[in-house]
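These notes concern the structure reproduced below.
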Protein chains: 2
Amino acid sequence: MLKYESQLDGIFRALADPSRRAMVERLTHGHASLGALAEPLEMTLSAVQQHLSILRDAGLVSTEKVGRTRMCTLRIEQLDLVDRWFDDRRAHWERRIDRLDAYLAKGDGT
Amino acid sequence: MLKYESQLDGIFRALADPSRRAMVERLTHGHASLGALAEPLEMTLSAVQQHLSILRDAGLVSTEKVGRTRMCTLRIEQLDLVDRWFDDRRAHWERRIDRLDAYLAKGDGT
DNA sequence: ATAATACTTTAGCGAATGCTTAAGTATGAG
DNA sequence: CTCATACTTAAGCATTCGCTAAAGTATTAT
């Protein structure tokens with residue numbers, strides 16, 4: 001899956017900005033309009049929309065127009081990709097710990 | 001903890017680049033010199049060193065000079081900060097699911 | 001001492017980021 | 001229809017990013 005790696009690029013990049021993380025955090029509490037997401041952030045609506053685009057490109061947020069408001073929803077299954085990457089890293093790391101344990105046990109001939 | 005947020009900035013940004021993720025992945029298998037980290041990456045040693053600086057600034061990697069080689073080590077405990085952030089998000093998300101369940105159960109008067 | 005190795009530092013460059021302002025469009029209220 | 005609301009789009013701009021080339025320094029080999 002060549003796409004997996006480039007998806008991670010987008011997800012990590014999206015989460016690297018504090019304003020965007022704040023938006024994600026807000027969305028874990030439920031749907032929100034663009035205006036609602038923008039309200040606590042000290043920047044123009046235009047800037048917030050650009051952040052939203054990055055979150056949408058990363059697949060972290062989906063949006064839908066309802067009347068004249070744009071409703072945003074968090075796509076948690078996309079966050080799971082990050083979990084997956086961390087689990088894979090941990091697998092190698094923990095195998096290393098296991099080997100270290102084995103090595104120490106072998107030398108430990110009390 | 002004001003530092004926590006800015007630490008996350010650095011960590012997520014560091015992981016947003018595929019070359020840097022490759023370096024982290026390599027380091028989960030054990031220590032490695034700068035040259036060893038650079039070998040599979042198609043760029044100059046100078047570029048790899050700049051990536052290493054970003055990983056070091058993010059607290060993900062520590063280094064030590066041994067003779068004329070620079071040995072690099074992964075700081076897994078720094079990766080745990082990301083886990084923590086995800087767990088916090090999940091806590092809210094899962095509470096939302098719980099409330100949805102409760103709401104559906106209430107309306108389900110069979 | 002000389003040379004090779006393994007980095008290190010600095011300057012520079014094109015592209016991407018994170019904003020802003022200004023001028024749109026579409027929808028709902030009166 | 002008129003006006004306010006809620007976004008949307010486009011242009012511009014300073015900064016940061018990812019990279020290279022070139023010229024260092026420090027350590028080990030011969």
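Note on naming: letters A, B, ... go to the chains in the order of the sequence lines (proteins, then strands), and numbering restarts at 1 for each one. What's counted below: heavy atoms across the whole structure, side chains too, no hydrogens, waters or symmetry copies. Here the structure is a predicted model, which means the values were calculated and not measured.
When the nucleotides D:dT5, C:dC19, D:dT8 are ranked by their closest atom to the side chain of A:R68, D:dT5 comes out on top. Nearest nucleotide to the side chain of A:L45, out of C:dC7, D:dC7, C:dT5: D:dC7. Here the side chain of A:A47 is nearest to one of C:dT20, D:dC19, C:dG18, namely C:dT20. Comparing C:dG18, D:dG18, D:dT20 by their closest approach to the side chain of A:I54 singles out C:dG18. Between C:dT17, C:dC7, D:dT20, one nucleotide has an atom nearer to the side chain of A:R13 than all others, and that is C:dT17. The side chain of B:Q49 sits closest to C:dT8 out of C:dT8, C:dC7, D:dT28. With C:dA6, D:dT20, D:dC7 as the candidates, the nucleotide lying closest to the side chain of B:M43 is D:dT20.
Atom CE of A:M23 is separated from atom P of C:dC19 by 11 Å (rounded to the nearest Å). Counting to the nearest Å, the C1' atom of D:dT8 and the CG atom of A:L52 are 12 Å from each other. In this structure, A:D57 places its CG atom 10 Å from P of C:dT17, rounding to the nearest Å. Between A:D17 atom CG and D:dT15 atom C1' there is a gap of 14 Å when expressed in whole angstrom units. Distance CG (B:L55) to P (D:dC17): 13 Å, rounded to an integer number of Å. Rounded to whole Å, the distance from CG on A:L37 to C1' on D:dA6 is 13 Å. Rounded to an integer number of Å, the gap from CZ of B:F12 to P of D:dT16 is 22 Å. Between the CD atom of B:E64 and the P atom of C:dA6 there is a distance of 18 Å, given to the nearest Å.
With rounding to the nearest 0.5 angstrom, the CG atom of B:L15 is 8.5 Å from the CZ atom of B:R20. In this structure, CG in B:L27 is found 7.0 Å from CE in B:M23, a value given to the nearest 0.5 Å.
A donor and an acceptor atom never sit less than 3.5 Å apart when one is taken from the side chain of B:Q50 and the other from the base of C:dT9. Between the base of C:dT9 and the side chain of B:S46 there is a donor-acceptor pair shorter than 3.5 Å.
Base engagement by A:T44 is indicated by at least one non-hydrogen atom pair under 4.0 Å involving a base atom.
The side chain of B:K65 places no N or O atom within less than 4.0 Å of a non-bridging phosphate oxygen (OP1 or OP2) of C:dA6. Under 4.0 angstrom from either OP1 or OP2 of D:dC17 there lies no side-chain N or O belonging to B:H51.
In this structure, A:R70 and B:G67 both approach DNA chain D, and ranking their closest nucleotides by distance from the 5' end singles out A:R70. Mapping A:S19 and B:L34 onto DNA chain C by nearest heavy atom places B:L34 closer to the 5' end of the strand.
Under 4.0 Å is where a charged nitrogen must lie from a carboxylate oxygen, and between B:D17 and A:R13 no such pair does.
Donor-acceptor pairing under 3.5 Å is lacking for the side chains of A:S53 and A:Q49. A side-chain N or O of B:R70 and one of B:T63 form a donor-acceptor pair less than 3.5 Å apart.
Annotation: A:W85 is in aromatic contact with A:F12 [ring centroid separation under 6.0 Å].
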